[in-house]
Amino acid sequence: MTSTDTCFFKKISFVSLLTLIVLGNPAKVFAQNSIFNQKPEVKVRYRRDVRDTTVKRRFGRAATELGIAELTPWIYDRYVVNQDYAHISWKTVGHNLNPGSWEFDNDPFQTNQFGHPYHGSMFYSAFRSNGYSFWQAVPATMAGSYLWETFAENQAPAPNDFINTSFGGIVLGEMTYRLSNRIINNQARGFNRQLSEVAGFIVNPMNGLNRLLDGRWGKVYGNPVERDSSKLNAEFDFGARTFNRQSTSPIGHSRFGWFGRARLLYGVPNEGFRKPFSNISITAEFGKDDSSAVNNISVYGSITGWDISKVDQDKSEMLIILSANYDYIRNEAFFYGGQSVKFNLLSTYKLTNGLQINANLGAGPILLGAVPDQYTYRSRDYDYGSGFAYNAGGTIRIAQKLSYGINYRGGYIYTISGNKSHYFLHTFSSELSYKVIKRLAIAAEPGYFRLEGNYHDYPDVDKKYPYFRASVRYFVGNL
């Protein structure tokens, strides 16, 4: 996939339309807990169902829709914009079928780190929305990725594309599938019902298509247990930010502009954590920037978990959660794309009725990460590598009004495609927020990105990108 494919998928991307989730009736769409003030819930442990959906499994339709997801961008590339790479033949297919033909490509960062995962989410959703479980849709995503790399382009198949499309597609696919189903209330009628159906279609087109084909679009019938029990909460920020591209002398070199950010939390960590993606955290940030309108997409999805709490769970709770993570950061100061798996220790402590502390600690392998390289490699301004990710943070909340949190995220990446090097990435942020009224707060967040590049054949690089954000925050939920 190249930059043209990215433009094609951006036209239907869920990212620019996440706010449609609340266009109909926010009070009904978002249920009971807010991100700002989570309360312990009764634990529900789901069984690992072979088929965790009420939709009948349809292999033929799922395979056909996967084929449509393959053919649509290829037809656009070949017959609409007439791209060279779309001129395939049996010779190119034969070359690509040879395992020795695989090599890392030099496509643009946005294409590889966003376009491919979004494309993979279509492969995943073709099976997921046709009655197959999370684990059953995983191999379909990998198969779709392999078919595209082998048959749809005359370029050599790329391992980075296969990983990004497969793993990223699974994470984005399950996330959008669950959100799509969550925002549609099958018992609703009238205009709000149709608006929610359209919003669900935009969030996950494959799921919307199958609701049409099955006759479920607009039909009044019972909601699945999963829909009624999974809570959805959100924070929306709008404000100003400034960041600096230089490692020294931040004053006088900063860039200033507006930004918007949406944070969505699907489910709560201590409910149903044995079931994949019972708890999902999504952050999407947009703003005035020279390089990209979409500056950050971060998705955390729980895979399974273990409760290690002590007896008195009214005062403290501890969980270990295995998560799948997708990160996309793109602005003028810094960019990074990575996919990782982590073990996360989540702790909650209630010291008094008005004082609560939440803490998190996580670590795990980075399957594949893209890190900026100022020396370029094969006309590519980033290197690919694998490594290890780690994070730590905590938040203290007082009287449901004042909140202060600090967070650190870091990573070590060893280059496997690019200039001989290894990297350390650091991001640090602290945030102070005060709730002015029930659903409105003001927030301030200083922080920085830091990149340490250690090269074998070039001088080392050490860059620090400080930033500051100030915003007004609106909460959606039953506070």
Side-chain angles (χ1 to χ4, degrees), residues 1 5 8-9 11-14 17 48-79 115-152 162 165-186 193-194 196-227 275-277 301:
M1 184 184 294
D5 300 307
F8 175 82
F9 284 118
K11 295 178 181 178
I12 56 173
S13 170
F14 74 93
L17 293 154
R48 289 184 179 275
D49 296 333
V50 175
R51 185 171 64 88
D52 55 359
T53 175
T54 56
V55 180
K56 181 180 178 180
R57 281 181 290 189
R58 295 181 173 89
F59 178 82
R61 184 196 289 179
T64 299
E65 291 173 355
L66 188 147
I68 293 172
E70 299 274 10
L71 287 172
T72 302
W74 178 80
I75 292 172
Y76 178 82
D77 293 342
R78 174 64 179 85
Y79 295 104
H116 279 290
Y118 185 76
H119 195 191
S121 72
M122 298 294 181
F123 301 151
Y124 176 90
S125 299
F127 275 76
R128 189 70 170 97
S129 60
N130 272 296
Y132 289 87
S133 71
F134 172 86
W135 293 110
Q136 291 169 337
V138 165
T141 316
M142 300 173 70
S145 178
Y146 178 78
L147 289 172
W148 176 270
E149 291 299 308
T150 305
F151 292 92
F162 179 78
T165 305
S166 298
F167 189 89
I170 293 164
V171 174
L172 296 186
E174 181 67 12
M175 179 266 287
T176 56
Y177 172 78
R178 283 180 173 267
L179 284 183
S180 177
N181 286 329
R182 183 61 185 83
I183 64 180
I184 300 171
N185 182 0
N186 293 325
R193 172 62 182 276
Q194 293 303 315
S196 70
E197 292 279 11
V198 172
F201 182 93
I202 293 171
V203 171
N204 190 304
M206 284 293 184
N207 192 47
L209 173 63
N210 284 303
R211 288 183 65 86
L212 279 169
L213 295 176
D214 290 339
R216 290 179 286 139
W217 185 293
K219 181 180 179 181
V220 178
Y221 64 102
N223 288 313
V225 174
E226 182 179 88
R227 193 267 178 197
K275 190 173 184 179
F277 279 68

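All of these numbers come straight from a predicted model, not from anything done at the bench. Quick note: numbers below take in every heavy atom, side chains included, and nothing from hydrogens, waters or symmetry partners.
- Of all heavy-atom pairs between W217 and G208, the closest is CE3-O, 3.9 Å.
- Among all heavy-atom pairs drawn from M122 and P205, the shortest one is CE-CG, 3.9 Å.
- Taking each heavy atom of G120 and T141 in turn, the nearest pair found is O-CG2, 3.5 Å.
- Within the structure, salt bridge (Lys or Arg N to Asp or Glu O under 4.0 Å) pairs that include any residue of residues 199-211 comprise E197-R211 (at least two apart or interchain).
- With hydrogens and angles ignored, the 3.5 Å screen pairs a side-chain donor or acceptor of T64 with a backbone N or O of G60.
- Counting heavy atoms from C-beta on, the side chains of Y221 and R216 come closer than 4.5 Å.
- Of all heavy-atom pairs between M142 and S166, the closest is CA-OG, 3.6 Å.
- Atom OG1 of residue T165 and atom CG of residue L172 lie 10.5 Å apart, to the nearest 0.5 angstrom.
- Panel note: side chain R193, backbone K219; a donor-acceptor pair is recorded below 3.5 Å.
- In terms of heavy atoms, S196 sits closest to I184 at O-CG1, 3.5 Å.
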Check: Do W135 and I170 pass the side-chain contact (heavy atoms from CB on, under 4.5 Å) test, and can you show the C-alpha distance, the side-chain angles, and the key distance before you say yes or no?
Finding: CA-CA 10 Å; W135 293 110; I170 293 164; over 6 Å; no
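- Remark: S180 engages N207 in a side chain to side chain donor-acceptor pair (under 3.5 Å) (not counting sequence neighbours).
- Annotation: side-chain contact (heavy atoms from CB on, under 4.5 Å) contacts of I75 (sequence neighbours excluded): L71, Y79.
- Shown here are the ring pair (Phe, Tyr, Trp, His ring centres under 6.0 Å) partners of F123, two or more places apart in sequence or in another chain: H119.
- Listed by chain and number, the residues in a side-chain contact (heavy atoms from CB on, under 4.5 Å) with Y146 are L97, W102, T150, F162 (sequence neighbours excluded).
- Remark: R58 pairs with D214 by the side chain to side chain donor-acceptor pair (under 3.5 Å) rule, at least two apart or across chains.
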* Report the C-alpha separation of N210 and R61 in whole Å, then their side-chain angles, then the decisive distance to 0.1 Å, and conclude whether the side chain to side chain donor-acceptor pair (under 3.5 Å) test is met. => CA-CA 9 Å; N210 284 303; R61 184 196 289 179; 3.1 Å; yes
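- Remark: S121 pairs with no residue by the side chain to side chain donor-acceptor pair (under 3.5 Å) rule, at least two apart or across chains.
- Taking the ring pair (Phe, Tyr, Trp, His ring centres under 6.0 Å) definition, one finds that F59 meets it with F127, sequence neighbours left out.
- Nearest heavy-atom pair, S129 versus S125, reported as atom, atom and distance to 0.1 Å: OG-O, 2.5 Å.
- Proximity of Y124 to V171: side-chain heavy atoms (C-beta onward) are nowhere separated by under 4.5 Å.
- Here the CG atom belonging to N130 is positioned 8.5 Å from the CG atom belonging to L213, to the nearest 0.5 angstrom.
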**Item:** Derivation and outcome, side-chain contact (heavy atoms from CB on, under 4.5 Å), residues Y177 and F277
**Value:** CA-CA 10 Å; Y177 172 78; F277 279 68; over 6 Å; no
